[in-house]
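Written out below as structure tokens is the structure these notes cover.
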Amino acid sequence: MTEKFDAIVVGGGPAGCASACVMAKSGLNVLLFERGQYAGAKNMWGGAFFGPQLKELFPNFREEAPVERFVTRHTFSFLTKKGSTTLDFKPAFSGPPSDNGFIVMRAKFDKWLAKKVEQAGAIVVTSMLVDDLLLDGGRVTGVRIGKEEFSSDAVILAEGVNGILAQKAGLCSGVSADNMKQGVKEVIALPKQTIEDRFNVNGSEGAAMEFVGSCTRGVPGGGFLYTNKESLSVGIVVELGALVKNRLKASDLLEEFKEYPDVARLIRGGKTVEYSAHLIPTGGLKMMPKLFSAGVLVAGDAAALVLGTGLILEGANFAMASGVAAAETVITAKKKNDFSETALRDYERLLREGFVLRDMHTFKETPRLLKNTRIYDLYPEVVFEVLENILENDGKPRTKAYKIAGKVIKTRVGFARLLSDLWAMRKMT
Amino acid sequence: MEIIVLVKEVLDPDLPPSKFSVDTKNNRVIPPEGIPPVISPYDAVAIEAALRIKEEAGGRITVVSLGNPSAEAVVRKALAMGADAGIVVSDPSFDLEDSYLAAHILTQTIRKIGKYDLILCGRQAVDWDRGVTGPIMAEYLAVPVATLARAIKVSDRSVRVERVLADGHETLEMDLPAIITVSNEFGQARIPSAWGVIKAVKEEIPVWSAKDIGAEDAQNKDNPGEGRLRRLYIPSYERKCEFLTGERPEELAAALVKKIYSRETASP
Amino acid sequence: MKVEEKLALNKYAPATQAHITVNKGLCADCDLRPCVYGCPADCFILKEDHVSFSYEGCLECGSCRIICPKGALQWAYPQGGFGICLQYG
Ligand SMILES: Cc1cc2nc3c(=O)[nH]c(=O)nc-3n(C[C@H](O)[C@H](O)[C@H](O)COP(=O)(O)OP(=O)(O)OC[C@H]3O[C@@H](n4cnc5c(N)ncnc54)[C@H](O)[C@@H]3O)c2cc1C
Ligand code: SF4
Ligand code: SF4
């Protein structure tokens with residue numbers, strides 16, 4: 001067969017689906033390949049979409065998409081061996097479900113996204129692993145699956161974090177374990193009512209909970225817990241390089257995390273129904289590959305477009321936005337029938353004008369700063385000790401809070417170090 | 001050569017036991033949310049057989065699936081493998097768990113299709129493992145049937161079939177038209193090519209209802225005696241492991257024999 | 001709960017061919033053996049004097065590919081449609 005496509009998209013995650021959708025809607029002849037039996041079969045994450053991308057692309061998603069719960073409560077906890085300190089963010093609101101975040105499960109959600117891609121007029125082919133790119137004098141002209149070849153004007157690589165094809169195309173020279181985080185997660189089934197009672201949420205409301213501190217045993221990263229309709233997503237995210245250097249296993253850390261009282265009481269009685277793992281590119285701008293070259297564009301995790309501010313992890317919205325920008329670039333290129341590297345430069349411009357590269361620049365120092373291990377071992381303990389001393393009432397005369405804080409900081413951290421950390425962290429979040 | 005292949009959608013046999021559950025009240029398997037059904041693996045081998053026959057003798061392959069409207073997906077997969085046309089037969093009035101009824105409905109479907117030389121199906125569907133639909137249809141259509149085929153060779157008006165036996169195989173020759181149920185020994189079903197999938201995406205798959213095939217009375221037909229489903233449940237196995245102690249092999253053997261004889265379940 | 005027990009809860013479409021192969025010769029002088037810690041599915045197990053690998057429980061995360069210091073792994077995703085098949089994700 002010799003049919004030629006306007007664009008071939010590799011990968012049916014948020015980046016690939018968003019780009020295929022936009023291109024197909026504008027009338028392009030689009031083919032999307034996904035290696036899973038269905039879109040989402042290979043994908044896991046913590047839990048929530050942040051920002052307006054989803055709504056912009058699918059105005060009716062609230063009614064249609066398989067959203068588990070809307071984030072109405074977001075907590076941040078510092079865990080120590082002795083106890084924990086938690087910030088509980090719960091904006092009072094009325095009206096439509098919150099825009100703070102939408103908790104979804106990827107196997108269901110990506111399947112829905114792929115359906116939208118089909119409805120937009122693109123062809124989605126699942127169970128197909130793209131093995132290679134077709135090259136003609138340095139220009140990408142299509143893809144190869146086994147012995148079959150497919151040609152197209154443009155290829156969008158939305159293949160996710162491992163970026164195998166982007167590496168084969170020479171857009172990226174390989175990644176270091178220090179720029180990668182590993183996420184492991186269990187889905188733990190619990191009755192709907194139990195979840196609502198335990199998390200103090202009703203109906204479609206849900207909680208997103210982030211944990212940093214002793215749960216990662218000094219490895220940069222943290223724990224998370226998200227409420228689904230009838231299950232919880234409980235996991236650990238840790239920097240891969242530091243993990244193996246410390247001879248720790250994420251699977252062990254997850255088991256320990258589940259035993260922290262803060263977590264244990266929330267998952268009590270639940271039944272584990274799935275276990276999964278995935279990498280996250282958290283090196284920021286420094287690990288970003290070349291975003292495009294003649295006939296090819298890279299979007300989403302494959303382009304390392306993930307923002308980890310230390311508080312939350314945003315990747316899916318960046319993936320979607322970059323997918324849309326790549327699609328718009330291809331649509332313009334098609335009009336001029338020019339897919340040269342110069343013509344595709346538009347992609348980077350669009351990313352800069354939008355939030356994707358702007359945010360990545362704003363937080364460009366964050367990945368380095370998050371490597372400061374004091375965030376994970378020392379500071380959670382300091383916060384806890386300060387509060388412990390303030391709240392403790394042993395009948396003796398009390399000291400003023402700031403004096404207690406001063407004393408703990410002086411003995412545990414040292415003011416100079418705290419100041420330098422704070423000075424550095426002002427750039428972080 | 002006009003070939004009809006019958007395929008059934010079943011729960012994915014790769015499901016781990018933990019994802020499998022049964023509604024014991026209604027004697028029903030609860031399909032796991034989000035995991036799509038697949039072609040019964042033996043039926044996939046039947047499609048493979050049809051494709052190889054077509055490659056050798058030419059012809060046309062029509063795939064028929066009786067089931068829920070979702071069976072469209074397994075028919076599309078057969079088209080992606082290389083079948084020429086597909087039909088889904090579905091009606092809310094069909095009781096799909098009764099093999100006689102299924103055979104009746106499929107026979108009506110075949111009659112509506114009209115011309116055929118060969119009907120192929122898997123040796124059995126992997127959900128109930130009955131393997132009777134093909135032979136019952138042969139009765140209804142009054143054509144010869146061979147079960148458990150591991151090799152099929154068609155010539156002008158006849159077909160030669162190698163059947164799998166417990167201790168070897170036998171070769172039969174039948175006149176066409178005929179029905180053959182295909183066993184896994186036939187070979188491995190091919191994986192659809194990407195171009196095959198793309199072609200299949202665009203194919204129209206009609207859904208025939210009871211009325212379309214004249215099977216409205218299917219439900220009122222007396223069940224001609226097939227066993228009815230009484231109770232569906234997941235058996236619980238209990239494993240106990242006991243270590244017998246003893247110094248010498250003779251001692252151990254004696255203890256073991258004593259143990260075996262003392263158990264009610266073991267009848268020596 | 002052991003990793004092995006957790007993996008048994010997952011659905012896999014088992015491939016008959018390994019998608020990752022280990023060049024055991026190169027493992028011989030790898031003293032840190034990061035794969036043993038980095039693999040969340042315990043596909044790399046430290047035996048007395050060597051690391052044994054089995055691909056069946058692989059979660060396809062790609063960690064081993066990045067952390068193996070000796071380039072001992074031939075790493076690819078399984079053939080399309082095979083391997084881990086998440087129900088929830
Ligand atoms: C533990 C964890 C928690 C997270 N939490 C959040 C969160 O709360 N919020 C958030 O916004 N982000 C979160 N993320 C990040 C987010 O999941 C990713 O940034 C996002 O999924 C990236 O989308 P993508 O489309 O680029 O890649 P992916 O979602 O990885 O999609 C890539 C797709 O390509 C397919 N594929 C790969 N190679 C091929 C090939 N050769 N041929 C065919 N198909 C192929 C894959 O099967 C996959 O479906 C989290 C990630 C992890 C691991
Ligand atoms: S890290 Fe690589 S070289 Fe070292 S033991 Fe593991 S596979 Fe072998
Ligand atoms: S890809 Fe991930 S799960 Fe698979 S063997 Fe490598 S580290 Fe283990």
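Chain identifiers are assigned alphabetically (A, B, ...) following the order of the sequence lines, protein sequences preceding nucleic acid strands; residue numbering begins at 1 within each chain.
The two residues A:Ala277 and C:Leu59 make their nearest non-hydrogen contact at CB-CD1, 3.8 Å. The nearest pair of heavy atoms linking A:Leu129 to C:Pro78 is CD2-O, 3.5 Å.
Put simply, the side chain of A:Lys42 gets close to the backbone of C:Ile84: a donor and an acceptor are under 3.5 Å apart. A donor-acceptor contact shorter than 3.5 Å is absent between the side chain of C:Gln87 and the backbone of A:Ala107. Here the side chain of A:Asn162 pairs a donor or acceptor atom with the backbone of C:Cys61 at under 3.5 angstrom.
Donor-acceptor pairing under 3.5 Å is recorded for the side chains of C:Tyr37 and A:Arg247. Using a 3.5 Å distance cut-off with no hydrogens or angles, the side chains of C:Tyr88 and A:Asn228 do not pair a donor with an acceptor.
C:Pro40 places none of its side-chain heavy atoms less than 4.5 Å from the side chain of A:Lys249. Side-chain contact between A:Leu279 and C:Ser63 is present, with at least one heavy-atom pair separated by less than 4.5 Å. Put simply, the side chain of A:Val273 does not reach to within 4.5 Å of the side chain of C:Leu9, judged on heavy atoms. At least one side-chain heavy atom of A:Met44 sits less than 4.5 Å from a side-chain heavy atom of C:Leu86.
Put simply, of C:Pro34, C:Gly89, C:Cys85, the one with the most heavy-atom pairs under 4.5 Å next to chain A is C:Gly89.
With a 4.5 angstrom heavy-atom cutoff, A:Tyr38 touches chain C only via side-chain atoms.
Atoms CE and OG, from C:Met1 and A:Ser251 in turn, are 12.5 Å apart once rounded to the nearest 0.5 Å. Note that CZ of A:Arg35 and CD of C:Gln79 are 12.0 Å apart. Values are rounded to the nearest 0.5 Å.
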